[in-house]
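Values in this document were obtained by computation on a predicted structure and should not be read as measured data.
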Amino acid sequence: MMMKIGYYPGCSLHATAKEFDLSTRAVCAAVGLELVEIEDWNCCGASAAHAISDDLAVGLAGRNLALAAQQGLDAVLAPCAACFGRLKYAAQHLAADGAELPAGLDARAAAGVRVHNILDALLHLAGLERIREAASKPLAGLRPAAYYGCLLVRPPQVAEFDDPENPTSMEQILGAVGAEPVEWYHRLECCGASLAVTNTPSAVRLVAEILGAAKAAGADCVAVACPMCQTNLDTRQAAAAARLGETLDLPIVYITELLGLAFGITPNRLGLGRHIVDAMRLARSS
């Protein structure tokens with residue numbers, strides 16, 4: 001039986017992170033989650049609005065939750081780590097402070113909408129057993145480095161998901177489809193995506209430290225659940241390799257793309273060919 005849940009793709013999943021959108025839709029359908037995209041959704045203002053005005057940030061994200069409530073949706077999946085944080089914060093703020101939304105929008109209804117990130121939805125709405133059952137082509141022998149970045153489980157009072165210092169959800173999900181996540185110590189480090197334009201050398205240094213650690217741990221690829229992390233780790237990899245003086249060649253893939261391969265979904269349906277560092281090899285070896 002399918003479980004209906006609202007879907008907030010955010011700006012990234014309709015543009016640069018199209019493969020995250022494709023693979024999320026395909027994987028969720030395979031594990032019994034029916035995604036219903038929120039009608040007339042708007043940008044949640046992640047990375048910019050809250051730096052200017054808290055009211056603006058809550059209003060932008062809260063409007064999306066109010067629209068979801070109008071559609072009869074009591075829960076929303078926001079795959080992007082930044083969008084997840086802004087929507088979750090807005091729901092908490094509306095519930096605690098009784099803030100208002102623009103005319104015609106019910107702030108109380110918006111505050112009642114539950115917000116999930118992709119790991120939370122897979123782990124707690126679908127469940128490991130259903131994920132395991134869907135894995136017709138287990139990823140035996142694949143050694144991904146599970147990378148959470150700095151947003152997915154933080155700040156803990158907003159995310160309310162997993163251990164902020166030692167999360168395990170991504171490793172549990174990857175393990176359920178036969179992969180063998182490596183042990184490494186840069187899972188929660190910031191990749192510097194927000195510095196990619198204003199301070200590129202710092203972003204490259206952070207990417208080099210993260211990918212160098214993943215490579216040293218014996219990883220075949222890096223699994224992510226954040227469009228900004230994916231873009232930064234993928235596009236800065238050549239510069240990071242030059243800084244380290246070694247070859248990296250690590251595909252940076254969304255966890256949903258790895259699950260899709262394990263579920264026997266074709267690489268084209270997952271958008272696997274859209275990455276800069278070749279990720280199609282993962283399909284050829286699975």
Donor-acceptor pairs under 3.5 angstrom involving side-chain atoms of residues 109-121: please list them, not counting sequence neighbours.
from	atom 1	to	atom 2	distance (Å)
H116	ND1	D120	OD2	2.9
N117	OD1	L119	N	3.1
N117	OD1	D120	N	2.7
D120	OD1	H124	ND1	2.7

May I have the list of side-chain donor-acceptor pairs in residues 204-223 shorter than 3.5 Å, sequence neighbours left out?
from	atom 1	to	atom 2	distance (Å)
R205	NH1	E209	OE2	3.4
K215	NZ	L248	O	2.7
D220	OD2	R143	N	2.6

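Neither L188 nor L195 shares a network with the other; the hydrophobic side chains, linked directly or stepwise wherever heavy atoms of I, L, V, M, F, W or Y lie under 4.5 Å apart, form separate groups for each. Linking ILVMFWY residues whenever their side-chain heavy atoms come closer than 4.5 Å, directly or via other members, leaves M280 and L22 in distinct clusters. Tracing side-chain contacts under 4.5 Å through hydrophobic residues (I, L, V, M, F, W, Y), one reaches L233 starting from V182; they form part of the same cluster. Tracing side-chain contacts under 4.5 Å through hydrophobic residues (I, L, V, M, F, W, Y), one never reaches I276 starting from L244; they form parts of separate clusters.
Q70 meets the side-chain hydrogen bond (donor to acceptor under 3.5 Å, both in side chains) test with no other residue; sequence neighbours excluded. In this structure F84 satisfies the ring pair (Phe, Tyr, Trp, His ring centres under 6.0 Å) test with no other residue, sequence neighbours excluded. Under the rule for a salt bridge (charged side-chain N to carboxylate O under 4.0 Å, His left out), the partners of K88 that lie at least two apart in sequence or sit in another chain are E160. In this structure, the side-chain hydrogen bond (donor to acceptor under 3.5 Å, both in side chains) partners of S202, at least two apart in sequence or on a different chain, are N199. With sequence neighbours left out, D249 forms a salt bridge (charged side-chain N to carboxylate O under 4.0 Å, His left out) with R281. In this view, E189 satisfies the salt bridge (charged side-chain N to carboxylate O under 4.0 Å, His left out) rule with no residue, not counting sequence neighbours.
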Exercise for the section: Apply side chain to side chain contact (heavy atoms under 4.5 Å, CB included) to the pair C44 and L87, showing each step before the final yes or no. Expected result: CA-CA 7 Å; C44 68; L87 264 62; 3.7 Å; yes
Practice task
I would like to know whether Y147 and C229 meet side chain to side chain contact (heavy atoms under 4.5 Å, CB included); could you show each step before the answer?
Solution key: CA-CA 9 Å; Y147 178 65; C229 295; 3.8 Å; yes
Practice task
Dump the intermediate steps for salt bridge (charged side-chain N to carboxylate O under 4.0 Å, His left out) on R63 and D40, then the final yes or no.
Solution key: CA-CA 10 Å; R63 178 179 182 274; D40 194 34; 2.7 Å; yes
Problem - Derivation of the side chain to side chain contact (heavy atoms under 4.5 Å, CB included) call for V224 and I255 - result: CA-CA 6 Å; V224 301; I255 185 172; over 6 Å; no
Practice task
Check the pair V177, R132 against side chain to side chain contact (heavy atoms under 4.5 Å, CB included), reporting the backbone distance first and the verdict last.
Solution key: CA-CA 6 Å; V177 296; R132 198 173 288 115; over 6 Å; no
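Side-chain N or O atoms of N42 include one that pairs as donor or acceptor with a backbone N or O of L60 at under 3.5 Å. Using a distance-only test at 3.5 Å, with no hydrogens or angles considered, no donor-acceptor pair links the side chain of E39 to the main chain of Q71. Between the Y148 side chain and the M170 main chain, a donor and an acceptor come within less than 3.5 Å of each other. Here the side chain of Y8 pairs no donor or acceptor atom with the backbone of P79 at under 3.5 angstrom. With hydrogens and angles disregarded, no donor-acceptor distance shorter than 3.5 Å links the side chain of Q92 to the backbone of Y89. Using a distance-only test at 3.5 Å, with no hydrogens or angles considered, a donor-acceptor pair links the side chain of R130 to the main chain of V31.
From L122, atom CG reaches atom CG of L33 across 7.0 Å, with rounding to the nearest 0.5 Å. Between L142 atom CG and L261 atom CG the span is 9.0 Å, to the nearest 0.5 Å. I131 contributes atom CD1, which lies 9.5 Å from atom CD of Q172 (distance to the nearest 0.5 angstrom). Separating the CG atom in L282 from the CG atom in L270 is a distance of 11.0 Å, to the nearest 0.5 Å. Rounded to the nearest 0.5 Å, atoms CD (E171) and CD (E183) are 9.0 Å apart. Note that CE of M228 and OG of S194 are 6.0 Å apart. Values are rounded to the nearest 0.5 Å.
Pairs engaging residues 73-85 under the side chain to side chain donor-acceptor pair (under 3.5 Å) rule: none recorded [sequence neighbours left out]. Each side chain to side chain donor-acceptor pair (under 3.5 Å) pair with one or both residues in residues 231-244, not counting sequence neighbours, appears once here: Q230-D234.
When all heavy atoms of A26 and R269 are compared, the closest pair comes out as CB-NH2, 3.7 Å. The nearest pair of heavy atoms linking P227 to F20 is CG-CD2, 4.0 Å. Minimum heavy-atom separation, P164 to P156: CG-CB, 3.8 Å. Heavy atoms only, all atoms of each residue included: A90 and G62 are closest at CB-N, 3.9 Å. Taking every heavy atom of both residues into account, A283 and L272 meet most closely at CB-CD2, 4.0 Å. Taking all atoms of both residues into account, the shortest heavy-atom contact from P167 to V153 is CB-CG1, 4.3 Å.
Grouping Ile, Leu, Val, Met, Phe, Trp and Tyr residues whose side-chain heavy atoms lie under 4.5 Å apart, directly or via other members, leaves L151 alone, with no other cluster members. Through direct or indirect side-chain contacts shorter than 4.5 Å among Ile, Leu, Val, Met, Phe, Trp and Tyr, V36 is connected to L73.
Residues L259 and I173 form a side-chain contact, since some pair of their non-hydrogen atoms from C-beta on lies under 4.5 Å apart. In this structure, L77 and C28 have side chains that are in contact, with non-hydrogen atoms separated by less than 4.5 Å. Two residues are said to be in side-chain contact when any heavy atoms from C-beta on lie closer than 4.5 Å; I252 and V277 fail this criterion. E257 places none of its side-chain heavy atoms less than 4.5 Å from the side chain of V27.
Ring-plane geometry between H14 and W41 is classed as perpendicular, the angle between the planes exceeding 60 degrees on a 0 to 90 degree scale with a lower cut at 30.
When only modelled atom types and interatomic distance are considered, Y7 and D21 share a side-chain donor-acceptor pair under 3.5 Å. For the residue pair S23 / E19, no side-chain donor-acceptor distance below 3.5 Å is found, with atom types taken as modelled.
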